[in-house]
Amino acid sequence: MKITSKKVKDELIRRLERPEWQFQYDREKETLRIEDKETKKGITVSLPGIVAKWEQKQEKAVEEIVYYVEEALLAMHREGTQAERILPVIRSTSFPMEQEEGNPFVTTEHTAETRIYYALDSEKTYRLIDQRLLQNLGLDEQQVKEMALFHLRSLPRKVKSDEVAGNVFYFFNQNDGYDASRVLDDSLLIDMKGQIEGDMVVAVPHQDVLIIADLRNEIGYDIIAQMTMKFFFEGRVPITALSFMYENKELEPIFILGKKRRQKDNEQE
């Protein structure tokens, strides 16, 4: 069956229809907003994104969106006017694990250099979710994590690119507080991998930038190392000066000299 944005929109409205919810369809942007009539809080879904997922997952693509929208809107209703969304944030592993003694943050392990925290976003600022806040929200950790990843996928993917010495560098710099968090969007990394010709290297030097590099020669490794270090020291919330090789949907911290050394070892073998 050929799926279109309009068909997805109609199907979502059919499955999500409730007396307490309303729908706003933006034909130009191809988005559908599902909103709680009482709290005026809701979720805006990008329809082309669901169409793309349909090609891979078929009916399951719509089922997943319906599930996450229902969970998110019900949670928002419980939250009342406290927040519009929950989102993940990346921090260094040296970042504190507790808000205060006996009140740990909700976290998920990520890499040897980074850890995932979760934020309650209230437009102008956000608060990291700790166990006390989790209880006040009436949510469990799994719900928070699922909602955060769902909201992350709805963030815009504005990107700028630059070519240096035959290598291409992509910069995600929306300045919304969640630029580095976009490294958690598997669909984004997979899409980027599909258009990269050389080695795909990822960097999150600070909170407000995600760098994805298409490294096509040895000079590229030196450039990304210097670039990441510079961003790390200049960032308002530094995360890590190391870069990550992206292979088989995994992020592996790399040392530039280590990369060259591995190549020499392979040549000797």
Side-chain angles (χ1 to χ4, degrees), residues 1-89 118-127 129 133 137-139 142-159 172-179 181-182 184-188 190-191 210:
M1 180 180 74
K2 176 67 175 177
I3 196 76
T4 63
S5 291
K6 184 179 183 302
K7 287 181 180 178
V8 168
K9 182 259 296 184
D10 292 341
E11 185 66 11
L12 289 177
I13 291 176
R14 184 182 72 81
R15 296 193 186 196
L16 291 167
E17 189 169 12
R18 289 187 180 208
E20 66 269 28
W21 293 350
Q22 60 189 8
F23 303 89
Q24 299 171 7
Y25 174 51
D26 189 318
R27 186 186 303 273
E28 183 178 342
K29 294 182 180 178
E30 291 189 273
T31 59
L32 178 67
R33 181 169 177 78
I34 306 96
E35 189 175 89
D36 188 300
K37 293 179 181 178
E38 180 183 346
T39 65
K40 301 302 180 183
K41 296 186 179 298
I43 291 175
T44 301
V45 176
S46 172
L47 299 174
I50 304 174
V51 172
K53 288 183 179 179
W54 177 274
E55 297 176 0
Q56 298 177 340
K57 298 184 176 181
Q58 300 297 308
E59 182 75 15
K60 191 176 179 182
V62 173
E63 291 176 357
E64 287 181 354
I65 293 297
V66 169
Y67 170 76
Y68 286 124
V69 168
E70 286 179 334
E71 288 295 311
L73 262 70
L74 290 173
M76 285 178 187
H77 187 78
R78 289 194 297 268
E79 293 165 17
T81 60
Q82 286 192 64
E84 184 170 350
R85 55 185 181 173
I86 291 172
L87 283 159
V89 292
Y118 299 89
L120 193 61
D121 187 289
S122 57
E123 298 182 5
K124 293 182 180 180
T125 185
Y126 62 72
R127 175 184 170 186
I129 298 176
L133 178 56
L137 294 174
L139 301 171
Q142 187 59 33
Q143 287 174 314
V144 163
K145 294 173 182 182
E146 290 177 352
M147 290 169 62
L149 290 178
F150 175 77
H151 290 147
L152 178 68
R153 297 186 193 106
S154 71
L155 295 179
R157 292 182 177 181
K158 186 178 180 181
V159 60
F172 293 81
N173 185 216
Q174 193 74 23
N175 281 320
D176 56 6
Y178 303 101
D179 289 305
S181 299
R182 285 166 172 80
L184 303 174
D185 186 344
D186 290 336
S187 63
L188 170 62
I190 292 170
D191 288 347
L210 164 64

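Nothing here was measured: the structure is a model prediction, and the numbers come from that model.
Within 6.0 Å of atom CD in Glu63, more than 12 heavy atoms from other residues, nucleotides or ligands are found, so the atom counts as buried in its surroundings. More than 12 heavy-atom neighbours from other residues, nucleotides or ligands sit within 6.0 angstrom of NZ on Lys37.
Residues Glu30 and Ser5 come closest through the heavy atom pair OE2-OG, 2.7 Å. Across every non-hydrogen atom of Trp21 and Leu16, the tightest pair is CE3-O, 3.2 Å. Residues Tyr178 and Ala119 come closest through the heavy atom pair OH-CB, 4.2 Å.
Between the CD atom of Glu35 and the CD1 atom of Ile43 there is a distance of 11.0 Å, given to the nearest 0.5 Å. Considering OG of Ser181 and CD of Gln174, their distance stands at 12.5 Å, rounded to 0.5 Å. We find the OH-CG distance between Tyr118 and Leu149 to be 6.0 Å, quoted to the nearest 0.5 Å. Within the model, atoms CD1 of Ile34 and CD of Gln24 stand 10.0 Å from one another, a figure rounded to the nearest 0.5 Å. Here Leu32 contributes atom CG and Lys9 contributes atom NZ; the two are 8.0 Å apart, rounded to the nearest 0.5 Å. For the atom pair NE2 of His151 and CD1 of Ile86, the computed distance is 7.5 Å after rounding to the nearest 0.5 Å.
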field: Asp26/Thr44 under side chain to side chain contact (heavy atoms under 4.5 Å, CB included): CA gap, chis, key distance, verdict
entry: CA-CA 10 Å; Asp26 189 318; Thr44 301; over 6 Å; no
query: How far apart are the C-alpha atoms of Tyr25 and Ile13, what are their side-chain angles, what is the distance that settles it, and do they pass the side chain to side chain contact (heavy atoms under 4.5 Å, CB included) test?
result: CA-CA 10 Å; Tyr25 174 51; Ile13 291 176; 5.9 Å; no
task: Report the C-alpha distance between Val69 and Leu12 in whole Å, list the side-chain angles of each, state the deciding distance to 0.1 Å, and finish with yes or no for side chain to side chain contact (heavy atoms under 4.5 Å, CB included).
output: CA-CA 10 Å; Val69 168; Leu12 289 177; over 6 Å; no
Chi angles and distances behind the side chain to side chain contact (heavy atoms under 4.5 Å, CB included) call for Arg127, Leu133: CA-CA 9 Å; Arg127 175 184 170 186; Leu133 178 56; 3.8 Å; yes
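Under the 4.0 Å criterion applied to side-chain N and carboxylate O atoms, Lys158 and Asp176 are not assigned as salt-bridge partners. Remark: Arg14 does not engage Asp10 in a salt bridge, criterion side-chain N to carboxylate O under 4.0 Å.
Looking at heavy atoms from C-beta onward, Val45 lies out of side-chain contact with Val8 at the 4.5 angstrom threshold. Taking 4.5 Å as the limit, some side-chain heavy atom of Leu155 sits within range of a side-chain heavy atom of Leu87.
For the salt bridge (charged side-chain N to carboxylate O under 4.0 Å, His left out) condition, the pairs that include at least one residue of residues 145-156, sequence neighbours left out, are Glu141-Lys145.
Side-chain atoms of Arg157 and Ser187 include a donor-acceptor pair closer than 3.5 Å.
The closest donor-acceptor contact from the side chain of Arg27 to the backbone of Lys6 lies at 3.5 Å or more, if one exists at all.
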